[in-house]
There are 2 protein chains.
Amino acid sequence: MPVTIRDVARASGVHVSTVSRTFSAPHLVNPETRTRVLSTAESLGYRPNRAARALITGRTHNLGLIVADIANPFFPPLIKAAESQARQRDYHVFVADTNEDALVEEELVQALAKQVDGVLLCSPRMSNDHIEQLRREVPLVVVNRLVEGIPAVVMDVAQGAKAAIEHLVGLGHRHVAYLAGPRGSWTNRELRRAATATARALGANLTVLGPHQPTETAGVGAAEQVLRSGATGVLTYNDLMAIGLLEGLHDRAVKVPEQLSVIGIDDIALSRLIRPKLTTVATPTAAAGRAAVDMLLQPDDDRRTTAQVTLQTELVVRDSTGPAPRRTAASRPPSATPVGSLKE
Amino acid sequence: MPVTIRDVARASGVHVSTVSRTFSAPHLVNPETRTRVLSTAESLGYRPNRAARALITGRTHNLGLIVADIANPFFPPLIKAAESQARQRDYHVFVADTNEDALVEEELVQALAKQVDGVLLCSPRMSNDHIEQLRREVPLVVVNRLVEGIPAVVMDVAQGAKAAIEHLVGLGHRHVAYLAGPRGSWTNRELRRAATATARALGANLTVLGPHQPTETAGVGAAEQVLRSGATGVLTYNDLMAIGLLEGLHDRAVKVPEQLSVIGIDDIALSRLIRPKLTTVATPTAAAGRAAVDMLLQPDDDRRTTAQVTLQTELVVRDSTGPAPRRTAASRPPSATPVGSLKE
DNA sequence: ATGAAAGCGCTAACAA
DNA sequence: TTGTTAGCGCTTTCAT
């Protein structure tokens, strides 16, 4: 039923190889023949079968894109940008969700390996060893992770965390907290490291809280923990957690930023829609998606195996951060009682 | 370099066809041979090449999922659910974004046709004719659209719109508006139709405003138009537009719900995070994704070509709707001046 | 229960 | 410039 290269050959009175050439190496065929073939192909509704082509060329013109959670608002802009960039270069993309599970991640890469020319691993949760292992089965580009010898696109979140902590300390906060994300996350490690180092350099106190799932729900649940920590300023692993934290704080009648300052990471669309508008570190997710696709599609000779792109982040100050309160939020019970203006 | 069925055959001392059978028809091979083949395959790291298999079986075990805009928060939960359901049944899914463009939609289906066993067309913008046309190239299931003879999963948004308008009129609103979405949208037509019919039945006045792009930005921009319309209650094409409208209204110091009531559609995660929390019609997007995949993967004989699943929607009343003001918002300049309590 | 052989739709030498 | 031929990795008759 489906029309093949052979049908076109017969109908246009040439051999199959000529038809093949018409599509994959047009310059090798006589212009007249070419137009004839093209028009009969058109009229028959012929469409090359990519899978068959892939079988012999070894290039599928497909890409795999693996993310931790499609529904996490951080990813859609990245997926969209990557897909768009890929299609522009005539590639289709498989998208898969690991549910934050490192094992699923691995299986997925292996399952996809034979069907794609490369895989974009976004915010992988598996170990470096596993990633290096998989690299042997299929070209890989990793986003938000640094692995020896694997091409990567990373956002400079360390710089962002530094700016965030400096912002907090500059506002007079002496005790800050980092609300940590999931264990396997490279970004989480970077953030914790940079936040800790910056706080120390500034002579401020930093408490690490977590790990937590990178969800709004986890943020809500962490409110109590944050309050108990005695910190007056909090940097969270991502905006989703920050937004959850804001909710949890609101439920406990803790005023933001008057009693507690909160900074997120990512600058997802949501962060400027909630109240107070979230101060956050903007990460260029769409650019990362595009860059990762470009890297994957680069000819091998151009691609140094260790190639690596670092994208800048930027602190966006909005309304969830303000001057440190005179007394820490934790020094009084989390109630609606207004923070009195006691001396110093 | 990649290990093929032939390598496994040689290493385990059987013919390729036996190896093939071991994977695709295990019951046809002697248990002992089977285990032997399986273990050598395992040790060689053999993975069947799906594309090669597809070439002969005609089944790719891939699905296509086409949406209008990946970054529109309505879609990610649907994509996630569909992908998860598909993978559970050992299918991989291509995801593609049309940017709300009907032409891109068409091209995408055709490009994907040969590589997939079926395509999920979500909220398509193209004409019914085109959809019927494409149906001949590849099995299709359409989400949020009703097309003669095409299997479909739809959400009963008409019912939702009815409930929304009833809610508004019940609160005393006599003049309501429907803020319309994009032209090609079936959901938009349903919504408009149902809203109009319900308003008429209730003796209320309904103005249709639009069409608009289904984005937050469009919602912001529509604030002026809404105010001028004189309506005191608005139903929007989706939550994104409602949220934008809320912003635009806030900028003009129009109080929601005191001066104007707003109802969205979809119940995206965002709608309960913004203030005022959005009253909206919840659509079961994840369920739709799963149902659509199930439909696509159903054996042909079970699938009546006209099969169709309708999912219920539900009005979720939150804080963006309230009693109608004594006077319409439009009867006074859009300023911060409080709505005076003039007689009746 | 297993082997032999043909062929899915296409490309890629090699010849002509 | 075009045709011939082999074969990508796999499944599927048909024999054995």
Side-chain angles (χ1 to χ4, degrees), chain A residues 1-38 40-41 44-62 90 110-117 137-138, chain B residues 1-38 40-41 44-62 90 110-117 137-138:
Chain A
M1 193 65 233
V3 26
T4 80
I5 206 176
R6 211 168 332 253
D7 301 319
V8 179
R10 203 172 312 132
S12 50
V14 295
H15 198 269
V16 289
S17 50
T18 304
V19 179
S20 173
R21 275 188 282 260
T22 305
F23 287 95
S24 42
H27 59 280
L28 292 181
V29 43
N30 184 308
E32 289 174 26
T33 334
R34 194 196 310 161
T35 38
R36 183 154 42 90
V37 171
L38 247 21
T40 62
L44 291 179
Y46 168 75
R47 309 228 127 223
N49 182 325
R50 285 177 172 228
R53 181 180 289 179
L55 201 51
I56 188 158
T57 61
R59 326 219 66 238
T60 61
H61 265 247
N62 290 154
D90 199 26
Q110 292 184 335
L112 247 25
K114 286 285 202 342
Q115 275 189 102
V116 301
D117 295 340
E137 304 197 24
V138 60
Chain B
M1 192 66 233
V3 27
T4 80
I5 207 177
R6 210 169 331 253
D7 301 320
V8 179
R10 203 172 311 132
S12 49
V14 296
H15 198 267
V16 290
S17 49
T18 304
V19 179
S20 173
R21 276 189 280 261
T22 306
F23 287 95
S24 43
H27 59 280
L28 292 181
V29 44
N30 183 309
E32 289 174 25
T33 336
R34 193 196 312 162
T35 37
R36 184 155 42 90
V37 170
L38 247 22
T40 61
L44 291 179
Y46 168 74
R47 310 226 127 222
N49 182 327
R50 286 176 169 225
R53 181 180 290 178
L55 200 51
I56 188 157
T57 62
R59 327 216 65 239
T60 62
H61 264 246
N62 290 153
D90 199 26
Q110 292 185 334
L112 248 24
K114 286 286 203 340
Q115 274 188 103
V116 300
D117 295 340
E137 304 196 24
V138 59

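Chain naming here is simple, since letters A, B, ... match the order of the sequence lines and numbering starts at 1 in each. What you are looking at is a predicted structure, and each value in this text was computed from that prediction instead of being measured.
- Listed here is the closest heavy atom pair of A/A52 and B/L55: CB-CD1, 3.6 Å.
- Rounded to whole Å, atom C1' of C/dG3 lies 15 Å from atom CG of B/N30.
- In this structure, the nucleotide among C/dG3, C/dC10, C/dC14 sitting nearest to the side chain of A/R21 is C/dC14.
- Counting any heavy atom pair closer than 4.0 Å across all strands shown, A/F23 reaches no nucleic acid atom.
- The heavy-atom pair separating B/V3 from B/Y46 by the smallest distance is O-CD1, 3.3 Å.
- B/R50 has its CZ atom 20 Å from the P atom of C/dG9, to the nearest Å.
- Between the CG atom of A/L55 and the C1' atom of C/dG7 there is a distance of 12 Å, rounded to whole Å.
- A/D90 has its side chain within reach of A/R50: a pair of non-hydrogen atoms, C-beta onward, lies under 4.5 Å apart.
- Comparing A/V16 and A/R6 against DNA chain C, the residue whose closest nucleotide sits nearer the 5' end is A/R6.
- The distance from atom CZ of B/R36 to atom P of C/dA1 is 14 Å, rounded to the nearest whole Å.
- Atom OG1 of A/T60 is separated from atom CZ of A/R53 by 11.5 Å, given to the nearest 0.5 angstrom.
- The CG atom of A/D7 sits 11 Å away from the P atom of C/dC8 (whole-angstrom rounding).
- At a threshold of 4.0 angstrom between heavy atoms, the contacts of A/S20 include nucleobase atoms, whether or not backbone atoms are also involved.
- The side chain of A/T57 lies closest to C/dA12 when the candidates are C/dA12, C/dA4, C/dC10.
- Atom-to-atom, CG of A/L28 to P of C/dA15 comes out at 17 Å; the value is rounded to the nearest Å.
- A/N49 has its CG atom 18 Å from the P atom of C/dG7, to the nearest Å.
- Residue A/V19 is out of contact with every strand shown, counting any heavy-atom pair closer than 4.0 Å.
- Shortest non-hydrogen contact noted between B/V29 and B/T22 is CG1-CA, 4.0 Å.
- Atom-to-atom, CD1 of B/I56 to C1' of C/dC10 comes out at 14 Å; the value is rounded to the nearest Å.
- Across every non-hydrogen atom of B/D7 and B/P2, the tightest pair is OD2-O, 3.9 Å.
- A 4.0 Å heavy-atom criterion places the boundary nucleotides of DNA chain D facing chain A at D/dT1 to D/dG9, written 5' to 3'.
- Across all strands, B/S17 comes closer than 4.0 Å to base atoms (heavy-atom distances).
- Nearest heavy-atom pair across A/A111 and B/R47 is N-NH1, 4.3 Å.
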